[in-house]
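Quick caveat, the model's predicted, so the values are computed rather than measured.
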Amino acid sequence: MSFYSKVVTRPFLNNLKTSFFRNKIAFFVPVRLINWKHSKVRHSLINFGLHIKQTRSRFSQVPVMGAFSPLDPSSFSRPEQAVIKHVTLSLNVDFENKVLNGSATLDVDVLQDIGDVVLDSSELTIESIELDGAQLTYKLDDPVPNYGSKLTIQLPKRASSGDKLKIKIKYTTSPSATALQWLQPAQTSGKKHPYLFSQCQPIHARSILPCQDTPFVKFTYDAEVTAPEEFTVLMSALRGESRSTKTTFNQPMPLPSYLLAIAVGVLEHRTLGPRSKVWSEKEEIERSAWEFAEAEKYLQAAERLCGAYEWKQYDLLVLPPSFPYGGMENPCLTFVTPTLLAGDRSQADVLIHEIMHSWTGNLVTNRNFEHFWLNEGFTVFLERKVKASLIEDPIEAKKSRDFHSILGLEELSEAVVSQLGVDNPLTRLVPDLHDVHPDDAFSTVPYEKGSLFLRYLEDLIGGPEVFDDFLRSYLKNFSRKSLDTDEFKAYLFNYFQDNEKLKSVDWETWLYKSGMPPVIPDYDTSMTKPITALVAKINQRNASLISYQDVQTFTPHQIMIFLQELIKHPPLPLDILHTLGAEYKIDSSKNTEILYRWLRLCLRSKDQSILGEVFDFVNHIGRMRYVRPLYRDLYDWEDVRNQAIENFLKNEQYMMHVCAHTVKKDLHLID
């Protein structure tokens, strides 16, 4: 990608390949020729970026929906005809060319009489496809922007229901594979070696291997990966032998393609407990070991609620800062952002969240991403229950659970009311994703609206004493399966068939109507009352009243919700803002959840002095939870809008695809 200008985005390149190249009207700007300090060049390139947006919308209207699966609007594959049950990977990691090359052998069960097998792929170079040693013919369709290509493999003769096929595909990934992030040594902590990590969710596994890239399909896998000898290779599987340059892996539990994961770097590890290690570069290993030392305690608390942990190993990998999420629940190896290393274990809720995915998401999975709330809403709901269960006093436990639910409600309100809009169809709990990429649908809605819906059902049906037994039954019944919302609803009604209160639920509004939830639970607000009082005090606009005593007894999460409340109010005068930051020691906080909200508050007050820190933050931390709101705030500040766009275009190449793609939308560079 180094040849292309930084303003040529990855989705736009797809359009160039499929539309422009045919008409020979491509236009590129070599990076080395760009003088970003020259104002005319800068503004011309920003305008060119806006031209890209217009051009992309004109060329990307490809009538392809009929080509997608009837089971998943984001997949070409046809698992109702033939389904992958096991994958054997043999891969070589090529840092110089930024590719993986090797083979994937697919064990396929035939469910209907078929003459071909249809898979998802994205920017893969196919070398050959074999069945029982015989070469097969295949067709790779023109790519659909952001979805990849339909790969149709012709069988030598028709296969019948019940047949088993073993298809071997030799291939090489692209340097621009959307699932892979190749880091230069300068982007790592050690500054000496490159680094590779993947992010397949939601539909990017197809850029790592040809597969049925839909959560409807679950498969086991084994792998042998070759990498330079000084590097450690990790995957979302049980790690086997590591000899010289080769490492083997085995995943005996079926998982969807989005949970396939790989990371390669010069790493160290520390043991956290009988089934857990933490991995990171050596510069972060001691901080990481301290921050996540209580992993086993959280695992045991989760097991008390949900049943036995079935994945055997629970390791953590602390990735470089460009990782776009707080965590990714890859089985056996949770990926986490280094922004969790707050030094006070205050972000343990993220670790608990990823642990809970071992049941909801990994063991019981949404059928496709229209039903994403079954993964994330359940996981947030369980996360707060488990975290509260660690508090001995039941009254204090409920206060804590409700307080964190209120913080989530505040974030949901901002997303629905201020960001997306109450009439936006993506605020539905079950959105229609035909013609909508799952990346574009990503928001806090499935997390917080889904969790709130489950809390509403729990309260309605009879409380945790009744609902916890249902949860365990639900998890057992759908273990190792994928389901949709209708199946969840049917199971709920069958389990509580004698509970008349379920008939009062407005299912249509909860599931299929836009906006905020129709019912808000009666949360305990005792932990928010001092926050409400302090916000009222700050709004008196009297700097002399501000003192550290105001927040001396606040927990980190109370500081977070305090700042979140201030963000909703009119911007603060700069003298009040600066006094608040200094007196409350917020402007020097090492906790990224606090710092991120502080930066947002400063942007709302149009504090020019903070811009350098904001740009440094978004350029070095790739977590979308922080980067997207900050870029939206920068865009809303008209005087710095062009500066924000310029900064993004210069740094896009260092961002993970999913983060760069969604920020482009936030900056209105693409539709």
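Side chain of Arg604 to main chain of Ile567: a donor-acceptor pair is present (N/O by atom type, distance under 3.5 Å, no hydrogens or angles). In terms of modelled atom types and a separation under 3.5 Å, the side chain of Thr427 and the main chain of Asn424 share a donor-acceptor contact. When atom types are taken as modelled, the side chain of Ser280 and the backbone of Ile285 share a donor-acceptor pair closer than 3.5 angstrom. Although no hydrogens or angles enter the test, the distance criterion places a donor-acceptor pair under 3.5 Å between the side chain of Ser198 and the main chain of Ile262. Thr247 places no side-chain N or O within donor-acceptor distance of the main-chain N or O of Val233, the cut-off being under 3.5 Å. Of the possible donor and acceptor atoms, none in the side chain of Asn97 sits under 3.5 Å from a partner among the backbone N and O of Val99.
Lys449 NZ to Thr444 OG1: the interatomic distance, rounded to the nearest 0.5 Å, is 12.0 Å. Rounding to the nearest 0.5 Å places CD1 of Ile561 at 11.5 Å from CG of Leu566. Note that the CG atom of Asn101 and the CG atom of Asn92 stand 4.5 Å from one another [nearest 0.5 Å]. A distance of 9.0 Å separates OG1 in Thr662 from NE2 in His657, rounded to the nearest 0.5 Å. A distance of 7.5 Å separates SG in Cys200 from CG in Asp213, rounded to the nearest 0.5 Å. Atoms SG and CG, on Cys602 and Leu611 in that order, are 10.0 Å from each other to the nearest 0.5 Å.
In this structure, the side chains of His357 and Met328 stay at 4.5 Å or more apart for every pair of heavy atoms. Residues Tyr171 and Pro210 are in side-chain contact: their nearest non-hydrogen atoms beyond the backbone lie under 4.5 Å apart. A heavy-atom distance below 4.5 Å is not found between the side chains of Ser74 and Phe68. Within the 4.5 Å cutoff, the side chain of Thr173 has no heavy atoms near those of the Ser207 side chain. Leu183 has its side chain out of reach of Tyr654: every pair of non-hydrogen atoms, C-beta onward, lies at least 4.5 Å apart. At a threshold of 4.5 Å between non-hydrogen side-chain atoms, the residues Glu652 and Lys664 count as touching. Between Thr334 and Leu317 there is no side-chain heavy-atom pair separated by less than 4.5 Å. For the pair Val264/Thr232, no side-chain contact is recorded, criterion being any heavy-atom separation below 4.5 Å from C-beta on.
For Tyr325, the ring-ring contact (aromatic ring centres under 6.0 Å, His included) partners are Phe442, not counting sequence neighbours. The salt bridge (charged side-chain N to carboxylate O under 4.0 Å, His left out) check on Glu281 picks up nothing, with sequence neighbours excluded. Residues meeting the ring-ring contact (aromatic ring centres under 6.0 Å, His included) test with Phe372, sequence neighbours left out: Phe369. By the ring-ring contact (aromatic ring centres under 6.0 Å, His included) test, His578 pairs with no residue at all, sequence neighbours left out. Residues forming a side chain to side chain contact (heavy atoms under 4.5 Å, CB included) with Thr339 (at least two apart in sequence, or on another chain): Thr337, Thr592, Ile621, Arg623, Tyr626.
Taking 4.0 Å as the cut-off between side-chain N and carboxylate O, Arg600 and Glu414 count as a salt-bridged pair. Taking the charged nitrogens against the carboxylate oxygens, Arg597 and Glu410 have no contact shorter than 4.0 Å, which rules out a salt bridge. For Arg287 and Glu291, the salt-bridge test fails: no basic side-chain N is under 4.0 Å from an acidic carboxylate O. Taking the charged nitrogens against the carboxylate oxygens, Glu123 and Arg206 have no contact shorter than 4.0 Å, which rules out a salt bridge.
Within 6.0 Å of atom NZ in Lys606, more than 12 heavy atoms from other residues, nucleotides or ligands are found, so the atom counts as buried in its surroundings. Within a 6.0 Å sphere centred on CD of Glu230, heavy atoms belonging to other residues, nucleotides or ligands number more than 12. Applying the 6.0 Å contact sphere to NZ of Lys192 captures no more than 12 heavy atoms from other residues, nucleotides or ligands.
When only modelled atom types and interatomic distance are considered, His193 and Gln184 share no side-chain donor-acceptor pair under 3.5 Å. There is a side-chain donor-acceptor pair under 3.5 Å between Glu284 and Ser189. Judged purely by distance below 3.5 Å, without hydrogens or angles, the side chains of His661 and Asp440 pair a donor atom with an acceptor atom. Checked by atom type, the side-chain pair Tyr258/Asn375 shows a donor-acceptor distance below 3.5 Å. In this model, a donor atom of one side chain and an acceptor atom of the other lie less than 3.5 Å apart for Asp120 and Ser75. In this model, no donor atom of one side chain and acceptor atom of the other lie less than 3.5 Å apart for Asp349 and His353. Inspection of the Thr214 and Asp72 side chains reveals an N or O donor paired with an N or O acceptor under 3.5 Å. Donor-acceptor pairing under 3.5 Å is recorded for the side chains of Asp344 and Ser346. Between the side chains of Asp616 and Asn619, no donor-acceptor pair is found at a separation under 3.5 Å. If you check the side chains of Ser149 and Asp141, you find no donor sitting under 3.5 Å from an acceptor. Counting only N and O atoms by type, the side chains of Asn591 and Ser589 include no donor and acceptor under 3.5 Å apart.
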Ignoring hydrogens and angles, write down the donor-acceptor pairs under 3.5 Å from the side chains of residues 580-588, residues two or more places apart or on other chains.
unit_1: Tyr584; atom_1: OH; unit_2: Asp550; atom_2: OD2; d: 2.6

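Two rings, from Tyr147 and Phe76, have their centers 6.0 Å or more apart. Between Phe95 and Phe231, the ring center distance clears the sub-6.0 Å criterion.
Judged by the 6.0 Å distance and 45° axis criteria, Arg345 is positioned over the aromatic ring of Trp290.
Taking the six-membered ring where the residue is Trp, His269 and Trp279 present tilted rings, their angle falling between 30° and 60°.
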